[in-house]
Amino acid sequence: MRPAIGFGDPLDVLKDPHLTTQQKREILCSWASDASAVQDEPRLRWLLGTPEPVRLDEIRAAIARLDQLGDLDGADVPRA
């Protein structure tokens, strides 16, 4: 799997045209994982390779958006 290097926001993952739907899901789920939790800040996640922590609710929203797209590989994500 491609590391999360270069992604500053969960929506950046969704917009990446080089990732399959499954790869996007793997990155977002890794980001949402408790293993990526910021100590003493349970609402923040910091995935190795990302420039700074992001809010867990933003990651969950990106996963929900990906779920709405279904299982189509390479589908373009509509812009917000």
Side-chain angles (χ1 to χ4, degrees):
M1 179 180 75
R2 179 176 161 188
I5 295 171
F7 296 117
D9 184 279
L11 291 180
D12 293 341
V13 176
L14 295 181
K15 293 176 186 176
D16 190 312
H18 304 292
L19 296 173
T20 66
T21 300
Q22 182 60 35
Q23 290 169 324
K24 292 174 185 182
R25 185 176 315 284
E26 289 173 6
I27 291 171
L28 291 170
C29 288
S30 291
W31 211 340
S33 166
D34 286 344
S36 297
V38 176
Q39 187 174 348
D40 299 325
E41 293 290 340
R43 294 186 205 149
L44 295 178
R45 297 294 189 267
W46 200 338
L47 187 61
L48 184 64
T50 59
E52 60 187 30
V54 297
R55 293 174 32 156
L56 179 57
D57 59 346
E58 292 176 26
I59 301 166
R60 287 181 175 161
I63 292 169
R65 197 161 179 193
L66 188 61
D67 288 343
Q68 290 174 352
L69 292 174
D71 292 331
L72 300 175
D73 279 354
D76 288 334
V77 176
R79 294 183 182 250

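Every value quoted in this text rests on a predicted model; they were computed, and no experiment measured them.
The side chain to side chain contact (heavy atoms under 4.5 Å, CB included) test with L14 is passed by exactly one of T21, D9, L28: L28.
With hydrogens and angles disregarded, no donor-acceptor distance shorter than 3.5 Å links the side chain of S33 to the backbone of C29.
Looking only at side-chain heavy atoms (C-beta outward), L56 and W31 stay at 4.5 Å or farther from each other. The shortest side-chain heavy-atom distance between L47 and V54 does not fall under the 4.5 Å cut-off. Within the 4.5 Å cutoff, the side chain of R25 has no heavy atoms near those of the T20 side chain.
Taking NZ of K15 as the reference point, atom CZ of F7 lies at 12.0 Å (rounded to 0.5 Å). Between I27 atom CD1 and Q22 atom CD the span is 10.5 Å, to the nearest 0.5 Å.
The salt bridge (charged side-chain N to carboxylate O under 4.0 Å, His left out) contacts involving residues 44-58 comprise D34-R45, R55-D57, where partners must be two or more places apart or lie in separate chains.
Other residues sharing a hydrophobic cluster with V38 under the 4.5 Å side-chain heavy-atom criterion for ILVMFWY residues are L44, W46.
The nearest pair of heavy atoms linking H18 to Q23 is O-OE1, 4.0 Å. Taking each heavy atom of P10 and A62 in turn, the nearest pair found is CB-CB, 3.6 Å.
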